[in-house]
Amino acid sequence: MAAPMEVIVSSDSGSQLWNCAVSELHSGSSLLSYRGGNTACRGLALLGSDYILGAQLGKNFINVWELQRKDQLQQKIVCPGVVTCLTAAPNGLYLAAGIAEAVYLWEVSSGNLLAVLSRHYQDLTCLRFTDDSSHFVSGGKDNLALVWSLASVVQLDLNHTPEPRHVLSRHSLPITDLHCGLMGPQARVATASLDQTVKLWELSSGELLLSVLFDVGIMSVTLDPCEYFLFCGGSDGNIFQVSLCSQSLSRDKAFQSDNDGNQVFKGHRNLVTCLSVSMDGTLLLSGSHDETVRLWDVQSKQSIRCISHKGAVTNAVITPAPANMFLPDSRPAAALPRFSRHLHTSEGEGGESGGVCVRPGLFTQAVFGDGENTKVRVAELEEEVQTLKKINKDLYDFSSQLLTKPT
(Lines give C-alpha, C1' and ligand atoms only; values in the text may rest on other atoms or scores of the structure.)
Protein backbone atom coordinates (compact mmCIF):
# COMPACT_ATOMS: atom_id res chain seq x y z
CA MET A 1 0.00 0.00 0.00
CA ALA A 2 1.32 3.45 -0.91
CA ALA A 3 2.03 5.85 1.94
CA PRO A 4 -0.97 8.15 2.62
CA MET A 5 -0.81 11.82 1.70
CA GLU A 6 -2.66 12.94 4.84
CA VAL A 7 -2.98 11.32 8.24
CA ILE A 8 -4.85 11.90 11.49
CA VAL A 9 -2.74 12.45 14.60
CA SER A 10 -4.72 12.28 17.85
CA SER A 11 -4.29 11.92 21.61
CA ASP A 12 -6.54 11.54 24.65
CA SER A 13 -6.36 12.00 28.40
CA GLY A 14 -6.74 8.27 29.14
CA SER A 15 -3.54 6.99 27.45
CA GLN A 16 -4.46 3.37 28.28
CA LEU A 17 -3.15 2.07 24.95
CA TRP A 18 -0.82 4.86 23.77
CA ASN A 19 -0.01 8.53 24.19
CA CYS A 20 -0.82 9.54 20.61
CA ALA A 21 -1.77 7.62 17.48
CA VAL A 22 -1.56 8.06 13.71
CA SER A 23 -4.52 6.90 11.60
CA GLU A 24 -5.21 6.79 7.89
CA LEU A 25 -7.51 9.66 6.92
CA HIS A 26 -9.96 7.91 4.61
CA SER A 27 -10.18 4.44 6.18
CA GLY A 28 -9.53 5.32 9.82
CA SER A 29 -7.18 2.34 10.20
CA SER A 30 -4.42 2.66 12.80
CA LEU A 31 -0.94 3.14 11.32
CA LEU A 32 1.37 4.06 14.21
CA SER A 33 1.18 4.66 17.96
CA TYR A 34 3.54 6.32 20.45
CA ARG A 35 3.57 5.13 24.06
CA GLY A 36 4.40 6.80 27.34
CA GLY A 37 2.39 9.37 29.31
CA ASN A 38 -0.51 11.43 27.98
CA THR A 39 -0.57 14.73 26.13
CA ALA A 40 -2.29 17.95 27.24
CA CYS A 41 -4.85 19.77 25.13
CA ARG A 42 -3.09 21.89 22.43
CA GLY A 43 0.15 20.22 23.51
CA LEU A 44 0.93 18.04 20.46
CA ALA A 45 3.40 19.18 17.79
CA LEU A 46 5.27 17.74 14.82
CA LEU A 47 8.85 19.01 14.69
CA GLY A 48 9.95 18.99 11.07
CA SER A 49 9.73 15.49 9.57
CA ASP A 50 11.71 13.78 12.32
CA TYR A 51 10.12 14.20 15.75
CA ILE A 52 6.75 14.30 17.49
CA LEU A 53 6.41 16.21 20.76
CA GLY A 54 3.74 16.01 23.45
CA ALA A 55 3.41 18.24 26.52
CA GLN A 56 2.71 15.90 29.42
CA LEU A 57 -0.77 16.47 30.88
CA GLY A 58 -0.50 18.33 34.20
CA LYS A 59 3.29 17.87 34.41
CA ASN A 60 6.36 20.01 33.78
CA PHE A 61 7.95 18.15 30.89
CA ILE A 62 7.60 17.46 27.16
CA ASN A 63 7.80 13.93 25.72
CA VAL A 64 9.82 13.54 22.52
CA TRP A 65 9.68 10.62 20.08
CA GLU A 66 11.47 9.97 16.82
CA LEU A 67 8.72 9.51 14.24
CA GLN A 68 10.07 6.12 13.18
CA ARG A 69 10.82 4.70 16.65
CA LYS A 70 7.26 4.59 17.88
CA ASP A 71 7.73 2.15 20.78
CA GLN A 72 10.54 3.96 22.55
CA LEU A 73 10.24 7.25 24.41
CA GLN A 74 13.32 9.10 23.28
CA GLN A 75 13.68 12.06 25.58
CA LYS A 76 12.00 14.28 28.15
CA ILE A 77 12.39 18.06 28.08
CA VAL A 78 11.99 19.19 31.68
CA CYS A 79 10.47 22.66 32.06
CA PRO A 80 10.07 25.11 34.97
CA GLY A 81 6.31 24.63 35.12
CA VAL A 82 3.33 22.85 33.60
CA VAL A 83 3.27 23.27 29.81
CA THR A 84 -0.24 24.42 28.89
CA CYS A 85 0.30 24.68 25.11
CA LEU A 86 3.00 23.79 22.60
CA THR A 87 3.74 24.56 18.96
CA ALA A 88 6.61 24.11 16.51
CA ALA A 89 7.41 26.40 13.60
CA PRO A 90 6.46 24.80 10.26
CA ASN A 91 10.07 25.20 9.09
CA GLY A 92 11.21 23.11 12.07
CA LEU A 93 13.63 25.75 13.37
CA TYR A 94 11.82 26.99 16.50
CA LEU A 95 9.81 25.52 19.36
CA ALA A 96 7.44 27.59 21.53
CA ALA A 97 5.73 26.55 24.77
CA GLY A 98 3.27 28.27 27.09
CA ILE A 99 4.30 27.91 30.75
CA ALA A 100 2.09 29.80 33.21
CA GLU A 101 1.72 33.32 31.73
CA ALA A 102 4.96 33.24 29.67
CA VAL A 103 5.95 32.08 26.18
CA TYR A 104 9.28 30.20 26.05
CA LEU A 105 10.98 30.18 22.63
CA TRP A 106 13.87 27.82 21.74
CA GLU A 107 16.05 27.50 18.67
CA VAL A 108 15.90 23.82 17.74
CA SER A 109 19.29 23.53 16.02
CA SER A 110 21.28 24.83 18.99
CA GLY A 111 18.91 24.28 21.91
CA ASN A 112 19.27 27.95 22.92
CA LEU A 113 16.48 29.51 24.94
CA LEU A 114 16.04 32.67 22.89
CA ALA A 115 13.27 34.46 24.75
CA VAL A 116 10.90 34.37 27.69
CA LEU A 117 7.93 36.58 26.78
CA SER A 118 5.89 37.63 29.82
CA ARG A 119 3.21 39.92 28.36
CA HIS A 120 0.17 37.88 29.38
CA TYR A 121 -1.43 38.36 32.79
CA GLN A 122 -2.93 34.86 33.14
CA ASP A 123 -1.99 31.36 31.98
CA LEU A 124 -1.62 30.72 28.27
CA THR A 125 -4.14 28.44 26.56
CA CYS A 126 -2.97 28.27 22.91
CA LEU A 127 -0.05 29.05 20.60
CA ARG A 128 0.13 28.99 16.79
CA PHE A 129 2.76 29.84 14.15
CA THR A 130 1.87 31.27 10.76
CA ASP A 131 2.47 28.95 7.81
CA ASP A 132 5.70 30.76 6.83
CA SER A 133 7.03 30.72 10.45
CA SER A 134 7.44 34.53 10.41
CA HIS A 135 4.93 35.22 13.21
CA PHE A 136 3.25 33.41 16.07
CA VAL A 137 0.14 34.18 18.08
CA SER A 138 -0.45 33.46 21.77
CA GLY A 139 -3.83 33.34 23.52
CA GLY A 140 -4.51 33.24 27.24
CA LYS A 141 -6.97 33.28 30.12
CA ASP A 142 -6.47 37.06 30.34
CA ASN A 143 -8.79 37.39 27.28
CA LEU A 144 -5.88 38.59 25.11
CA ALA A 145 -4.34 37.29 21.89
CA LEU A 146 -0.88 38.66 21.13
CA VAL A 147 0.72 38.70 17.67
CA TRP A 148 4.52 38.32 17.78
CA SER A 149 7.01 38.89 14.97
CA LEU A 150 9.65 36.17 15.19
CA ALA A 151 12.33 38.53 13.83
CA SER A 152 11.78 41.02 16.64
CA VAL A 153 11.67 38.33 19.32
CA VAL A 154 14.98 36.68 18.38
CA GLN A 155 16.95 39.93 17.96
CA LEU A 156 20.29 39.96 19.80
CA ASP A 157 20.00 43.19 21.78
CA LEU A 158 19.64 41.94 25.35
CA ASN A 159 18.66 45.42 26.58
CA HIS A 160 15.59 45.45 24.34
CA THR A 161 12.44 43.70 25.61
CA PRO A 162 10.42 42.27 22.72
CA GLU A 163 6.91 43.67 22.40
CA PRO A 164 3.99 42.09 20.52
CA ARG A 165 3.22 43.49 17.10
CA HIS A 166 -0.49 43.62 17.89
CA VAL A 167 -2.62 43.11 21.00
CA LEU A 168 -6.03 41.64 20.11
CA SER A 169 -8.17 42.65 23.09
CA ARG A 170 -11.84 42.47 22.09
CA HIS A 171 -12.74 39.25 23.97
CA SER A 172 -14.32 39.53 27.43
CA LEU A 173 -13.55 36.00 28.71
CA PRO A 174 -10.62 33.56 28.32
CA ILE A 175 -9.49 32.58 24.83
CA THR A 176 -9.84 28.83 24.29
CA ASP A 177 -8.35 28.33 20.81
CA LEU A 178 -6.96 30.17 17.80
CA HIS A 179 -6.15 29.38 14.19
CA CYS A 180 -3.78 31.07 11.74
CA GLY A 181 -4.79 30.94 8.08
CA LEU A 182 -2.47 30.85 5.07
CA MET A 183 -0.40 33.62 3.44
CA GLY A 184 2.12 34.25 6.23
CA PRO A 185 2.06 37.86 7.48
CA GLN A 186 -1.04 38.52 5.33
CA ALA A 187 -2.99 35.75 7.05
CA ARG A 188 -6.24 36.00 8.91
CA VAL A 189 -6.41 34.79 12.50
CA ALA A 190 -9.49 33.31 14.18
CA THR A 191 -9.87 33.36 17.97
CA ALA A 192 -12.48 31.46 20.03
CA SER A 193 -13.54 32.35 23.57
CA LEU A 194 -15.74 31.42 26.49
CA ASP A 195 -17.53 34.74 25.88
CA GLN A 196 -19.51 32.84 23.19
CA THR A 197 -17.86 34.64 20.28
CA VAL A 198 -15.41 33.82 17.53
CA LYS A 199 -13.52 36.75 16.06
CA LEU A 200 -11.62 36.99 12.78
CA TRP A 201 -8.63 39.35 12.56
CA GLU A 202 -6.22 40.62 9.94
CA LEU A 203 -2.75 39.68 11.17
CA SER A 204 -0.87 42.46 9.36
CA SER A 205 -2.92 45.31 10.83
CA GLY A 206 -4.51 43.73 13.90
CA GLU A 207 -7.90 44.93 12.63
CA LEU A 208 -11.07 43.06 13.64
CA LEU A 209 -12.79 41.78 10.51
CA LEU A 210 -15.69 39.75 11.90
CA SER A 211 -17.28 38.84 15.24
CA VAL A 212 -19.83 36.02 15.45
CA LEU A 213 -21.95 35.51 18.58
CA PHE A 214 -23.20 32.02 19.53
CA ASP A 215 -25.50 30.66 22.24
CA VAL A 216 -22.70 28.62 23.88
CA GLY A 217 -19.04 29.01 24.73
CA ILE A 218 -16.71 28.12 21.84
CA MET A 219 -13.89 25.69 22.64
CA SER A 220 -12.19 25.24 19.24
CA VAL A 221 -11.95 26.97 15.88
CA THR A 222 -10.46 26.43 12.42
CA LEU A 223 -10.72 27.66 8.82
CA ASP A 224 -10.85 25.63 5.63
CA PRO A 225 -7.77 26.13 3.37
CA CYS A 226 -9.66 28.43 0.96
CA GLU A 227 -11.13 30.35 3.93
CA TYR A 228 -14.67 30.05 2.63
CA PHE A 229 -15.90 28.72 5.99
CA LEU A 230 -15.17 29.16 9.69
CA PHE A 231 -15.75 26.04 11.83
CA CYS A 232 -16.44 26.54 15.55
CA GLY A 233 -16.69 23.77 18.16
CA GLY A 234 -19.18 24.47 20.94
CA SER A 235 -19.28 23.47 24.59
CA ASP A 236 -22.59 21.69 23.85
CA GLY A 237 -21.03 19.29 21.30
CA ASN A 238 -22.29 21.07 18.19
CA ILE A 239 -19.98 22.31 15.43
CA PHE A 240 -21.04 25.54 13.73
CA GLN A 241 -20.12 26.35 10.14
CA VAL A 242 -20.02 30.08 9.38
CA SER A 243 -19.94 31.17 5.75
CA LEU A 244 -17.38 33.91 5.04
CA CYS A 245 -18.78 34.49 1.54
CA SER A 246 -22.31 35.43 2.47
CA GLN A 247 -23.65 38.53 0.74
CA SER A 248 -25.35 39.63 3.98
CA LEU A 249 -22.20 39.34 6.08
CA SER A 250 -21.71 42.17 8.57
CA ARG A 251 -18.83 42.72 11.00
CA ASP A 252 -20.95 41.82 14.05
CA LYS A 253 -23.49 39.06 13.66
CA ALA A 254 -25.30 36.40 15.67
CA PHE A 255 -25.09 32.86 14.30
CA GLN A 256 -28.26 31.52 12.69
CA SER A 257 -28.52 28.34 10.68
CA ASP A 258 -29.70 29.06 7.13
CA ASN A 259 -29.32 27.97 3.51
CA ASP A 260 -26.52 30.45 2.86
CA GLY A 261 -23.69 28.26 4.20
CA ASN A 262 -24.32 28.66 7.94
CA GLN A 263 -24.96 25.14 9.16
CA VAL A 264 -24.58 22.90 12.26
CA PHE A 265 -22.82 19.52 12.53
CA LYS A 266 -24.59 17.38 15.16
CA GLY A 267 -23.14 14.17 16.64
CA HIS A 268 -20.85 14.84 19.60
CA ARG A 269 -22.34 14.57 23.10
CA ASN A 270 -19.82 16.79 24.90
CA LEU A 271 -17.65 19.85 24.25
CA VAL A 272 -15.58 19.86 21.04
CA THR A 273 -11.90 20.33 21.92
CA CYS A 274 -10.24 20.36 18.49
CA LEU A 275 -11.03 20.87 14.80
CA SER A 276 -9.06 20.37 11.59
CA VAL A 277 -9.85 20.43 7.86
CA SER A 278 -8.28 18.34 5.08
CA MET A 279 -6.13 19.98 2.39
CA ASP A 280 -8.92 19.82 -0.22
CA GLY A 281 -11.49 21.27 2.21
CA THR A 282 -13.95 18.35 1.85
CA LEU A 283 -13.38 16.65 5.23
CA LEU A 284 -13.65 18.06 8.76
CA LEU A 285 -12.08 16.31 11.76
CA SER A 286 -13.31 16.90 15.30
CA GLY A 287 -12.30 15.63 18.74
CA SER A 288 -14.49 15.78 21.83
CA HIS A 289 -14.68 15.08 25.55
CA ASP A 290 -17.20 12.36 24.63
CA GLU A 291 -14.08 10.23 23.89
CA THR A 292 -14.55 10.14 20.11
CA VAL A 293 -12.89 11.58 17.03
CA ARG A 294 -15.31 12.13 14.15
CA LEU A 295 -14.68 12.68 10.44
CA TRP A 296 -17.35 14.71 8.66
CA ASP A 297 -18.23 15.33 5.04
CA VAL A 298 -18.33 19.13 4.85
CA GLN A 299 -20.88 19.32 2.02
CA SER A 300 -23.48 16.95 3.50
CA LYS A 301 -22.68 17.64 7.21
CA GLN A 302 -22.79 13.88 7.81
CA SER A 303 -20.43 12.00 10.13
CA ILE A 304 -18.74 9.42 7.91
CA ARG A 305 -16.44 7.87 10.54
CA CYS A 306 -16.17 7.71 14.33
CA ILE A 307 -12.93 6.66 16.05
CA SER A 308 -13.36 5.73 19.73
CA HIS A 309 -10.79 6.69 22.36
CA LYS A 310 -10.26 5.70 25.99
CA GLY A 311 -10.51 9.22 27.38
CA ALA A 312 -11.40 12.81 26.53
CA VAL A 313 -9.77 13.70 23.20
CA THR A 314 -7.10 16.36 23.79
CA ASN A 315 -5.66 16.71 20.27
CA ALA A 316 -6.81 15.72 16.78
CA VAL A 317 -5.36 17.12 13.57
CA ILE A 318 -5.21 16.29 9.88
CA THR A 319 -1.65 16.76 8.66
CA PRO A 320 0.39 15.91 5.56
CA ALA A 321 2.26 12.70 6.31
CA PRO A 322 5.97 13.46 6.95
CA ALA A 323 8.19 11.79 4.35
CA ASN A 324 10.04 9.67 6.94
CA MET A 325 7.04 8.55 9.00
CA PHE A 326 6.59 5.23 7.20
CA LEU A 327 10.25 4.44 6.47
CA PRO A 328 11.27 2.11 9.35
CA ASP A 329 15.00 2.38 8.62
CA SER A 330 15.02 6.16 8.42
CA ARG A 331 16.61 8.25 11.16
CA PRO A 332 16.47 11.98 11.95
CA ALA A 333 18.81 14.12 9.88
CA ALA A 334 20.11 15.69 13.10
CA ALA A 335 19.79 14.71 16.74
CA LEU A 336 17.97 17.06 19.08
CA PRO A 337 20.46 19.07 21.15
CA ARG A 338 20.30 19.54 24.90
CA PHE A 339 18.10 22.57 25.35
CA SER A 340 19.69 25.43 27.28
CA ARG A 341 18.43 26.20 30.75
CA HIS A 342 19.54 29.84 30.60
CA LEU A 343 18.26 32.68 28.48
CA HIS A 344 20.39 33.59 25.43
CA THR A 345 23.15 31.07 26.06
CA SER A 346 23.97 27.59 24.87
CA GLU A 347 25.96 26.73 27.99
CA GLY A 348 24.50 25.27 31.13
CA GLU A 349 25.01 22.68 33.78
CA GLY A 350 24.24 19.14 32.81
CA GLY A 351 21.07 17.58 34.07
CA GLU A 352 20.20 13.96 34.54
CA SER A 353 21.11 11.57 31.77
CA GLY A 354 18.56 11.55 28.98
CA GLY A 355 16.79 14.70 30.17
CA VAL A 356 16.80 18.40 29.47
CA CYS A 357 16.36 21.07 32.13
CA VAL A 358 14.99 24.52 31.41
CA ARG A 359 14.71 27.32 33.97
CA PRO A 360 13.32 30.84 33.74
CA GLY A 361 16.01 33.24 32.60
CA LEU A 362 14.61 36.36 34.21
CA PHE A 363 16.67 36.35 37.41
CA THR A 364 19.89 35.33 35.67
CA GLN A 365 20.08 38.78 34.07
CA ALA A 366 19.91 40.69 37.37
CA VAL A 367 22.72 41.00 39.92
CA PHE A 368 21.97 42.30 43.39
CA GLY A 369 25.27 41.61 45.16
CA ASP A 370 27.04 38.65 46.68
CA GLY A 371 26.40 36.10 49.39
CA GLU A 372 23.49 36.21 51.78
CA ASN A 373 22.30 39.68 50.66
CA THR A 374 21.58 38.29 47.19
CA LYS A 375 19.61 35.33 48.56
CA VAL A 376 17.56 37.55 50.85
CA ARG A 377 16.82 40.05 48.06
CA VAL A 378 15.80 37.32 45.62
CA ALA A 379 13.53 35.73 48.24
CA GLU A 380 11.86 39.10 48.90
CA LEU A 381 11.26 39.69 45.20
CA GLU A 382 9.86 36.21 44.67
CA GLU A 383 7.47 36.70 47.59
CA GLU A 384 6.39 40.06 46.15
CA VAL A 385 5.78 38.50 42.74
CA GLN A 386 3.57 35.81 44.28
CA THR A 387 1.60 38.46 46.20
CA LEU A 388 1.05 40.51 43.03
CA LYS A 389 -0.03 37.40 41.12
CA LYS A 390 -2.61 36.62 43.82
CA ILE A 391 -3.93 40.20 43.73
CA ASN A 392 -4.16 40.06 39.93
CA LYS A 393 -6.01 36.73 40.03
CA ASP A 394 -8.48 38.01 42.65
CA LEU A 395 -9.20 41.11 40.55
CA TYR A 396 -9.64 38.98 37.44
CA ASP A 397 -12.05 36.56 39.18
CA PHE A 398 -14.06 39.47 40.60
CA SER A 399 -14.38 41.20 37.20
CA SER A 400 -15.32 37.91 35.52
CA GLN A 401 -18.12 37.40 38.04
CA LEU A 402 -19.42 40.92 37.37
CA LEU A 403 -19.36 40.40 33.60
CA THR A 404 -21.13 37.03 33.73
CA LYS A 405 -23.63 37.93 36.44
CA PRO A 406 -27.21 37.66 35.08
CA THR A 407 -28.95 41.04 34.81
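One-based numbering along the sequence shown.
Heavy-atom minimum distance, M219 versus G234: CG-C, 4.3 Å. Closest non-hydrogen pair, S286 versus L275, comes out as CB-CD2, 3.6 Å. Nearest heavy-atom pair across I218 and A192 is CG2-CB, 3.6 Å. Across all non-hydrogen atoms, the minimal contact from S276 to T222 is N-CG2, 4.2 Å. A pairwise comparison of heavy atoms in P90 and T130 identifies CG-O, 3.4 Å as the closest pair. Taking every heavy atom of both residues into account, V277 and P225 meet most closely at CG1-CD, 3.9 Å.
Judged purely by distance below 3.5 Å, without hydrogens or angles, the side chains of T39 and N19 pair a donor atom with an acceptor atom. At a cut-off of 3.5 Å, with distance as the only test, a side-chain donor of N63 or Q56 sits close to an acceptor on the other residue. With no hydrogens or angles considered, a side-chain donor-acceptor pair links N315 and S11 at under 3.5 Å.
Of the possible donor and acceptor atoms, none in the side chain of S204 sits under 3.5 Å from a partner among the backbone N and O of Q186. K253 places no side-chain N or O within donor-acceptor distance of the main-chain N or O of R251, the cut-off being under 3.5 Å. Checked by atom type and distance alone, the side chain of T292 never pairs as donor or acceptor with a backbone atom of C306 at under 3.5 Å. The backbone N or O of F229 sits less than 3.5 Å from a side-chain atom of D224, completing a donor-acceptor pair. With hydrogens and angles disregarded, no donor-acceptor distance shorter than 3.5 Å links the side chain of Y34 to the backbone of I52. Of the possible donor and acceptor atoms, none in the side chain of S133 sits under 3.5 Å from a partner among the backbone N and O of A89. No donor-acceptor pair closer than 3.5 Å links the side chain of N38 to the backbone N or O of G14. Listed for the D195 side chain is a donor-acceptor partner under 3.5 Å among the backbone atoms of S172. Of the possible polar contacts, none joining the W18 side chain to the L32 backbone as a donor-acceptor pair under 3.5 Å is found. In this structure, the side chain of E227 does not engage the main chain of G181 through any donor-acceptor pair within 3.5 Å.
For D177 and R128, the salt-bridge test passes: some basic side-chain N is under 4.0 Å from an acidic carboxylate O.
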Task: Worked verdict on Y104 versus L113 for side-chain contact (heavy atoms from CB on, under 4.5 Å) - done: CA-CA 7 Å; Y104 285 68; L113 178 60; 4.0 Å; yes
Task: Working for side-chain contact (heavy atoms from CB on, under 4.5 Å), residues V108 and L93 - done: CA-CA 5 Å; V108 172; L93 299 181; 5.7 Å; no
Open item on the list: With side-chain contact (heavy atoms from CB on, under 4.5 Å) as the criterion, how do N392 and E101 come out once you've worked through the C-alpha distance, each side chain's angles and the decisive distance to 0.1 Å?
Closed with: CA-CA 12 Å; N392 181 61; E101 69 275 9; over 6 Å; no
Task: Test ring-ring contact (aromatic ring centres under 6.0 Å, His included) applied to F240 and F214, step by step - done: CA-CA 9 Å; F240 307 97; F214 299 87; 5.1 Å; yes
TODO: In sequence, state the C-alpha distance, the side-chain angles, and the governing distance for L105 and L150, and then conclude on side-chain contact (heavy atoms from CB on, under 4.5 Å).
DONE: CA-CA 10 Å; L105 182 71; L150 187 63; 3.7 Å; yes
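When each of N143, L144, L178 is paired with T191, the side chain to side chain contact (heavy atoms under 4.5 Å, CB included) condition holds for L178 and for no other. Among the candidates D123, L173, T176, the single residue satisfying the side chain to side chain contact (heavy atoms under 4.5 Å, CB included) test with K141 is D123.
Within the model, atoms CD of E24 and CD1 of I8 stand 8.0 Å from one another, a figure rounded to the nearest 0.5 Å. Between atom OG of residue S110 and atom CZ of residue F339 there is a gap of 8.5 Å, rounded to the nearest 0.5 Å. Rounding to the nearest 0.5 angstrom, the gap separating the CZ atom in R42 from the OG1 atom in T125 is 7.5 Å. To the nearest 0.5 Å, atoms CG (L86) and CG (L44) are separated by 8.0 Å. Here the CD atom belonging to E291 is positioned 7.0 Å from the OG atom belonging to S13, to the nearest 0.5 angstrom. Distance check, rounded to the nearest 0.5 Å: CD of Q386 to CG of L381 gives 12.0 Å.
The neighbour count for D252 CG, taken as heavy atoms of other residues, nucleotides or ligands under 6.0 Å away, is above 12. Within 6.0 Å of NZ in K59 there are 12 or fewer heavy atoms belonging to other residues, nucleotides or ligands. Within a 6.0 Å sphere centred on CZ of R170, heavy atoms belonging to other residues, nucleotides or ligands number 12 at most. At most 12 heavy atoms of other shown residues, nucleotides or ligands fall within 6.0 angstrom of atom OH in Y121. Atom CE of M183 has 12 or fewer neighbouring heavy atoms from other residues, nucleotides or ligands inside a 6.0 Å radius.
Using a 4.5 Å cut-off on side-chain heavy atoms (C-beta onward), T273 and S220 make no contact. The side-chain heavy atoms of V64 and L53, taken from C-beta on, include a pair separated by under 4.5 Å. Taking the side chain as every heavy atom from C-beta outward, F255 and V264 approach each other to under 4.5 Å. Side-chain contact check for S288 versus R269: every heavy-atom pair is 4.5 Å or farther apart. Looking at heavy atoms from C-beta onward, Q241 lies out of side-chain contact with S257 at the 4.5 angstrom threshold. Proximity of E207 to W201: side-chain heavy atoms (C-beta onward) are nowhere separated by under 4.5 Å. Side chains of S243 and Y228 form no contact here, defined as non-hydrogen atoms less than 4.5 Å apart. Between L223 and L182, every side-chain heavy-atom pair lies at or beyond the 4.5 Å cut-off.
Using cut-offs of 30° and 60° on the angle between ring planes, the pair F136 and F129 is tilted. Between W296 and F265, the two ring planes are perpendicular [angle over 60°; tilted spans 30° to 60°].
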